[in-house]
Q: 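Input: one structure, supplied below.
For ligands, and for the atoms within them, numbers begin at 1 and follow the listed sequence. Everything numeric in this text was worked out from a predicted model, so none of it was measured. Sequential numbering from 1 along the given sequence is applied to the chain's residues.
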Amino acid sequence: MTAVVKPAPKPRHPLAGQEMTCADTILQVLADEGVDTIFGYSGGAILPTYDAIFRYNATHAKSEEIRLIVPANEQGAGFMAAGYARSTGKVGVFLVTSGPGATNSVTPIRDCFADSVPVVLICGQVPRAAIGTDAFQEAPVFNIMAACAKHVFLVTDPEKLEATFRTAFEIARTGRPGPVVIDVPKDVQNALATFQGTGLLKLRGYDERLEVLQQSSLSDADGKAFFRLLAKSERPLLYVGGGVINSDASEACRAFAERFQIPVVSTVMGLGAIDTTSDLSLHMLGMHGAAYANYAVEDCDFVFAIGARFDDRVCGKPLEWAPHARVAHLDIDGSEIRKVKKAIDWFHVSDAKRGLSELLRAGKDFHKDFRPWHEHVRELKKRHAYDYNRASPLLQPQEVLEVLSDIVKGEAVFTTGVGQHQMWAAQYLDVRHPRHFLTSGSMGTMGFGLPAAIGAQIANPGKLVIDIDGDGSIRMNLGELETCTVYDIPVKVLLLNNLGDGMVRQWQDLFFSNRYSGTDKSMHKKDFVRAAQADGFGYAARVSKREELRSVLEQFVSFKGAAFLEAMVDQSAHVYPMVGPGLGYKEMITGAFIPARQVVKPDAKKLDPSSMF
Ligand SMILES: Cc1ncc(C[n+]2csc(CCOP(=O)(O)OP(=O)(O)O)c2C)c(N)n1
Ligand SMILES: [Mg+2]
């Protein structure tokens, strides 16, 4: 049993000492935590808390209201909360009922865990006395979520509910961020308890690890060792991941790259950590990364991984990855060190922002001229740039994104579905700022784009938010189109329709001799434009002609409300470059339009069947 920690002396909460229902306490803690929006769907076991939202808003000024956004499906609520959190760094909140409400939330919880996104999910649960009886709408939330969340609480003692909620926010945002689930039986929501206004649960293990992390600082010896490695290097590279964005270390990362003049490759999660249009940016590495980024990894002699975890989409063959390089690793999570890439020459466990600032200080007298290496990577960038079939009469998905990027010039928050369109979005959109490219990176969850865009738009009312979606992905949460118009959320949805599950077809083309099992969508009847119109979109259009592309895209992004544009694109386009699953960068294929250093033919036999993921 966890004890409640004695609160540190702070100004007394105006409501401290009052008796209130736990449902009202939940609302008050959310308000104290700065929550301005709850995404959620109601139901029997969570009704007391929904009622508390109504009463809270009825008794508070408009400016203090906690907005409730009701999705079409709880999965949508989870991705809205995730979009809110990813685009701001603040904790996103979603609120669902027991049983099916909770199980519909499993996917976004796992998705948030896999991408280290801070959200709190509040689930109603059947009353305490009914737990374990297979009661109506009962699901073993604790057991299910324990496998997917950073932490799960089942509140059985009303006196501990308040501290549990405050602790949940603390856990979600501290250390390596992640999702926290709180399961609250209905009778606990109705129970009375004394409001304290402060106080956290003591969590042995977590608190201690956090303390160590907060105390950790770069020793002189470690600082010197790092710069000895850099001094020996002629061809250094920064490999930047989502951890840089999560710890708001983008500025420190840019300063570090500039100060020591080190080129930067980024994971899909790290896009925007440094401006992708800057000279030092070598864009994305990995399975569908830039050929020049992957060649730079092949050629470098020192890699500094920051907030990145050598995921299989980057490092399918750890032994062959960066074969000539010494490797340094800075990460907030000690369990990531040597998890995949075993040969690590230097590491430091710390928040990326702090670690980078300390390294900058430690290297204040360091000078080395890497100009020959810059010359080399500049040449790589020029020779092996992203490219596609520009001669085709059919609209190419890449050109749609290229023109869009030229119109918005990096001043938009993008979300994506999952598939080819996601990878083309990562490749062809300029991402100039952190938290401006929101995608389901680790889980690769189709259906993420539209609800994530809604959440990001709510968190950033003044910004242009554009969901780049696929015809397969958008169908998974198509009900959320109506959520845009019900709440007048002016997101822009750009659907790259290639009539099917393009990414799966690409793998079937390359590795399964064009057998389109389960991916032939020629039977489809869906008219997406009419669907958007039916859901109240004031702008819903389709484009398939090159001559109209730019003007239609301009109208689309400048439309004042929610806008939907379907671009009918070449179904046969493939995403290149491609490093096949489980293969090394030597096996990278660049397709017909990107010059390769050496010609590699796709060879299904080379694939290790055990790593066909
Ligand atoms: C929920 C879910 N189911 C299945 C998959 C496997 N999958 C990955 S990409 C893809 C096809 C996506 O199709 P679409 O959204 O049209 O994107 P495209 O590749 O055509 O651009 C599938 C089925 C997934 N990533 N997520
Ligand atoms: Mg598609």
Q: Do the two ring centres, one from Phe79 and one from Phe448, sit under 6.0 Å apart?
A: yes

Q: My understanding is that only residues two or more places apart in sequence, or in another chain, count here; which of them pass ring-ring contact (aromatic ring centres under 6.0 Å, His included) with Tyr292?
A: none

Q: Could you tell me how the ring of Tyr239 sits relative to the ring of Trp321: parallel (under 30°), tilted (30 to 60°) or perpendicular (over 60°)?
A: tilted

Q: Going by atom types only, do Thr519 and Gln508 share a side-chain donor-acceptor pair under 3.5 Å?
A: yes

Q: Does this structure show an ion pair linking Lys526 with Glu566, if we count only N-O contacts that are shorter than 4.0 Å?
A: no

Q: Between Tyr576 and Asp387, does any side-chain donor sit less than 3.5 Å from a side-chain acceptor?
A: no

Q: Please name all residues satisfying side chain to side chain contact (heavy atoms under 4.5 Å, CB included) with Gln533, sequence neighbours left out, ordered by chain then number.
A: Val529, Arg530, Ala540

Q: List by chain and number: which residues place a heavy atom under 4.0 Å from ligand 1?
A: Val418, Gly419, Gln420, His421, Gly444, Met446, Gly470, Asp471, Gly472, Ser473, Met476, Asn498, Gly500, Asp501, Gly502, Met503, Val504

Q: Does the pair Arg546/Glu399 count as a salt bridge with the N-to-O cut at 4.0 Å?
A: yes

Q: Establish, yes or no, whether the cationic atom of Arg86 lies under 6.0 Å from the six-membered ring centre of Tyr84 and within 45° of the ring axis.
A: no

Q: Do any protein N, O or S atoms sit under 2.8 Å from the Mg ion (ligand 2), and which ones are they?
A: Asp471 OD1, Asn498 OD1, Gly500 O

